[in-house]
Amino acid sequence: MKTILAITALLVSTTVCADELLFPNSDFESGTLDGWTVQGEAFQVQPTKGDNTAARNRESANIQGTWWIGGYEKYNGKEGKPGAIAGDALTGTLTSQEFTIKRPYITFRIGAGNLPDDVGVRLLVDNESIELATGVDEETMVVHSSDVRAYVGRTARLQVFDNATGGWGHINVDDFRGTDIPVRDTSKDFAIDDAISPSGYPGIEYDQPLRPQFHFMSKKNWLNDPNGMVYDGEKYHLFFQHNPKGTGWGNMTWGHATSLDMVHWKQGDHALLPYRVDGRAGTIFSGTAVIDHNNSLGKQVGDTKTMVAFFTFAAKPKFYQAMAYSTDGGETWTYWNEGRAVVENQGFDNGERDPKVFWHEPSQQWVMLLWVQKDPGRVRWFTSKNLVDWEFASDLMRDWAFECMDLVFLKVDGDENNTKCLIYDASFDYEIGSFDGQKFIAETEALSIVRGNYYAAQTFNQTPDDRAVQIGWMRGGPDSAKLFGVPHNQQMGFPVELSLKTTPKGIRLFCWPIKEIDSLVEQTHELDEVTLGAGVNALDDIKDLDLVDLEVSFSPGDAEQVVFDLPRVSLRYDVKKQVLYHSGIDNNGAPREDICIDKLVPREGKVSLRLLVDRLTVEAYAFGGATFAAHYIHPKHGPKKLSIHSVGGTAKIHELSVRELKSAWEF
Ligand code: FRU
């Protein structure tokens, strides 16, 4: 048995190794263009020597050997210096000598512009020109094999071409070989070619020691923006940007989870998968879902209202906005008009994206808000009666606005008769104003409320009681799948309720963890006045904590620091600097101290904070949610002992409540 296995292994490795140059210098390792003919400007100073993309602080080019074709580079070992650039504007071709195709695959490395027809590699066989590949919109080359079985025995030439002059208008290639089997790096591909399974990982549990216990994340693999947040009359739906094929970003698909209370979530099968239409492959970027309460689309089946999702179809060369609908409460979906545009690209930016759609009761119509341009920032409003035909309404020009626009109507100080419109973007810069069904009129300047890892948040559409509940993606931090023994990477922040309050500075936004967190409370420890001084630890009586919801109000007094040593994270308020720091983590996984909330100025001598600590994160809300922050922590570099104490003087705690939470995953 052993011998047979050994022979098979040998056979496989011989097959894999079977490759050869297509002709001398098809790998550019002579350091010259021998065997190649240059036309135009794009390939004049080539081949380039060494990892020049890295030399100019971009991603590594992933080269083979020393020499390669880097269309943006201008260092050929003689002229210029590593990292010198030729830019995107040059065009031209690089055509090889003739060679005979002997093997079924031509395998090579390719990177830079993903611009089919404009930059790439083609095969010239007699009068035929066969486009083999374009780049991947990254300098890093990936290995690609083209199937040339139909041409074995024929004489051919390769042509590297660059007709593009704008962004990503260059091509990187290296190491052309004939191989017996295809070699394929799918990590940068749209996954449409090798079908994504819609399965939402039924076999995977939440019991890994460092799995977040009261924050939503995908059971497995990568997650980013929340999408399509909507209440269907019974359940909350949270769709999310998801890579079903790995723990890094890619293959954008809408994952799907539902909940009765926005705290306990059940992940189901993926809802919207990448598709191909009219010869264009694309993935599903961010967007909204609405419940078609008045059957505007005319697709309702029985009593179940249609759920309609609007998303960005991320396809080359230009993104557009498309729609899908579900007549069974979000279980199965149909792409409207096979996924063609409901809103065509508006012509400002190829990457316009992330439609927000909502029902505007006063004007009795559907409204769409869409980011369409950067520098100058342009946000476009559309209106529709039937969810299919969208009319331009107005443009809002705002330089702060970028990606994932959202808006929500909020009562000021709870007053039914005083509703304002809050509009914000992915980084949660916001303005408060009014919306008349056509345009937004600002009543504040641009403001901000959040610090740290919080991005692309959106609010639930059509919530009961008109509550505005928001969930944001905790963007950044290290890859938890690589570091912490969990099958996922990235998570959401804890849901917050938004409200508008009158403050001495005018009307301002407040964000506060939703009250449903109470369902997780197992035990509450409450303390009144405690003076923190030498040897005093306000948590002395608490032996063990894991998941924490802590509220405190304290006067810093003459202390230098007030320190909160909690499970896995230490926070310290630096009294002089008026900054709250926490023990954090950098994007590579190294522990570091980080600013949790800056400009934390006591009010009437007091600081009030709420802290949520989960396995990989801390969230901090100051002064009832006037400011908040969401951060990743290093779960293995926390304090040794639970403690709240002062350093360098005496501080006073006025109120302290420590709520021990249980996992949201125990149903
Ligand atoms: C924001 C974003 C969106 C886009 C999505 C793609 O994080 O860039 O603009 O739709 O992510 O995953």
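In what follows, residues are counted from 1 in the order of the sequence shown. Note that the structure is a prediction, hence the values are computed from the model and not measured. First listed ligand is number 1; within each ligand, the first listed atom is number 1.
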Show your working on side-chain contact (heavy atoms from CB on, under 4.5 Å) between M492 and W473 and close with a plain yes or no. CA-CA 4 Å; M492 299 300 183; W473 163 38; 4.3 Å; yes
When you compare the side chains of S60 and N62, does any donor N or O come within less than 3.5 Å of an acceptor on the partner? no
Using salt bridge (Lys or Arg N to Asp or Glu O under 4.0 Å) as the criterion, list what pairs up with R340, not counting sequence neighbours. D278, E338
Does the plane of the ring in Y430 sit parallel, tilted or perpendicular to the ring in F428? Use 30° and 60° as the thresholds. tilted
Select all protein residues for which some heavy-atom-to-ligand 1 distance is less than 4.0 Å, and list them by chain and number. N224, D225, Q241, W249, M252, F285, S286, R353, D354, E403, C404, Y455, W473
Would you check if the side chain of T253 reaches a backbone N or O of L273 as a donor-acceptor pair within less than 3.5 Å? no
Do the side chains of R592 and D586 get close enough for a salt bridge, i.e. N-O under 4.0 angstrom? no
